[in-house]
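The figures that follow rest on heavy atoms only: side chains count, while hydrogens, waters and symmetry mates do not.
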Amino acid sequence: MEPVTLTTGRLVLRTVGPDDTDAVHAAAQDPEMQRWLSQLPSPYLHEHARAFTEQFAPDGWANDSMFTFGVFLPSGELVGMLGITMRSLGVAEIGFWATKEHRGNGYITEATTTTARWAFTALSIDRIEWRAEVGNTPSRAVAEHAGFTLEGTLRSAVNNRGVRRDCWVGSLLPSDLGLPSTAPYLPAHTPSTS
């Protein structure tokens, strides 16, 4: 799929490229990001940022496996990153982070809701999952403010730098945003007609 650009009243969500390498590298120096993002190399070198902006993000769009959006102010300043990764038919997982300077402004919640609407309608997704290591309360707050339902705790589900840790899991369905699903959904509490 060709990358798309999404906008909100305050943000521009677009794919990243070589011009964003320095901003990604600078943001990833934050110890809080390195603590919670198990897939983020530590130390995070300029070559890691270059591989992300020049290969990883574009390849995800090209093979429809991961749709990465840089979250920018209209001025072009990077405020965070968000990715939708395909997991199985109709199911994707969302991940996000915010730069230290822009946390607490609701930018990532706004970007999450906007991107979820796009994924439900453009990608025919019926479920977006969110996961975060137990204790990552800022990530949980974003997910809950964006409408995700916390479904529980998965034991030993994350490997964070060689240590198994528990993680929270939640989901967002199209109906949570007032959108139709692509496939019928029969919740467990619905009585069957047999």
Residue pair Arg35 / Asn160, side-chain heavy-atom distance below 4.5 Å
yes
Non-hydrogen side-chain atoms of Ile84 and Thr68 separated by less than 4.5 Å:
no
To the nearest 0.5 Å, what is the distance between [atom1] on [X] and [atom2] on [Y]?
| X | Y | atom1 | atom2 | value |
| --- | --- | --- | --- | --- |
| Thr7 | Arg14 | OG1 | CZ | 13.5 Å |
| Glu110 | Thr115 | CD | OG1 | 10.0 Å |
| Glu32 | Asn136 | CD | CG | 8.5 Å |
| Glu144 | Leu172 | CD | CG | 12.5 Å |
| Trp130 | Cys167 | CH2 | SG | 8.0 Å |
| Thr114 | Arg10 | OG1 | CZ | 10.0 Å |

With sequence neighbours excluded, residues passing side-chain contact (heavy atoms from CB on, under 4.5 Å) with Ser124
Thr182
Output yes when a side-chain donor or acceptor of Asn63 lies under 3.5 Å from a complementary backbone atom of Ser65, and no otherwise.
yes
Got a donor-acceptor contact below 3.5 angstrom from the His48 side chain to the Leu45 backbone?
yes
For the student: nearest non-hydrogen atoms of [X] and [Y], plus distance:
| X | Y | result |
| --- | --- | --- |
| Pro3 | Thr15 | CB-CG2, 3.7 Å |
| Val158 | Ser38 | CG1-OG, 4.0 Å |
| Ile108 | Gly80 | CD1-CA, 4.0 Å |
| Phe52 | Pro58 | O-CD, 4.0 Å |
| Ala49 | Val24 | CB-CG1, 4.2 Å |
| Gln34 | Ala28 | NE2-O, 2.8 Å |

Would Leu177 and Thr113 count as a side chain to side chain contact (heavy atoms under 4.5 Å, CB included) if you check the C-alpha gap in whole Å, the side-chain angles of each, and the deciding distance to 0.1 Å?
CA-CA 8 Å; Leu177 299 179; Thr113 304; 4.3 Å; yes
Grouping I, L, V, M, F, W and Y whenever their side-chain heavy atoms are under 4.5 Å apart, do [X] and [Y] come out in a common cluster?
| X | Y | answer |
| --- | --- | --- |
| Leu11 | Leu78 | no |
| Val71 | Phe56 | no |
| Met86 | Val4 | yes |
| Ile94 | Met1 | yes |
| Phe96 | Ile128 | yes |

Check ring-ring contact (aromatic ring centres under 6.0 Å, His included) between Phe72 and all other residues, then give those that pass, not counting sequence neighbours.
none
Hey, could you give me each pair passing ring pair (Phe, Tyr, Trp, His ring centres under 6.0 Å) that has a residue in residues 16-40? Not counting sequence neighbours.
His25-His46
Would you mind listing every ring pair (Phe, Tyr, Trp, His ring centres under 6.0 Å) that reaches into residues 108-128, with sequence neighbours excluded?
Trp61-Trp118, Phe67-Trp118, Phe69-Trp118
Could you go step by step and tell me if Asp166 and Glu133 meet the side chain to side chain contact (heavy atoms under 4.5 Å, CB included) rule?
CA-CA 6 Å; Asp166 296 346; Glu133 185 179 319; over 6 Å; no
Report the C-alpha distance between Val16 and Met81 in whole Å, list the side-chain angles of each, state the deciding distance to 0.1 Å, and finish with yes or no for side chain to side chain contact (heavy atoms under 4.5 Å, CB included).
CA-CA 9 Å; Val16 292; Met81 198 69 58; 3.8 Å; yes
Go through the steps for Asp176 and Arg127 under the test salt bridge (charged side-chain N to carboxylate O under 4.0 Å, His left out), then give the verdict.
CA-CA 10 Å; Asp176 296 332; Arg127 175 182 167 89; over 6 Å; no
Ring-face cation contact, Trp168 with Arg131, 6.0 Å cut, 45° max:
no
Who else is in Tyr185's hydrophobic cluster (ILVMFWY, side-chain heavy atoms under 4.5 Å, direct or via others)?
Leu173
Please go through Leu89's hydrophobic cluster and name the other residues, only I, L, V, M, F, W, Y counting, with side-chain heavy atoms under 4.5 Å joining them.
none
Is it true that, when you exclude Arg164 itself, more than 12 heavy atoms of the residues, nucleotides or ligands shown sit nearer than 6.0 Å to its CZ?
yes
Take Thr85 and Glu93 through the side chain to side chain donor-acceptor pair (under 3.5 Å) test and state the conclusion after the steps.
CA-CA 5 Å; Thr85 304; Glu93 183 175 337; over 6 Å; no
Between Ser156 and Arg165, is a side chain to side chain contact (heavy atoms under 4.5 Å, CB included) present by the stated rule, with each step listed?
CA-CA 5 Å; Ser156 188; Arg165 299 176 188 265; over 6 Å; no
Does Glu129 form a side chain to side chain donor-acceptor pair (under 3.5 Å) with Ser171? I'd like the steps, not just the answer.
CA-CA 4 Å; Glu129 296 180 351; Ser171 69; over 6 Å; no
Salt bridge or not between Asp30 and Arg103? Use side-chain N to carboxylate O under 4.0 Å.
yes
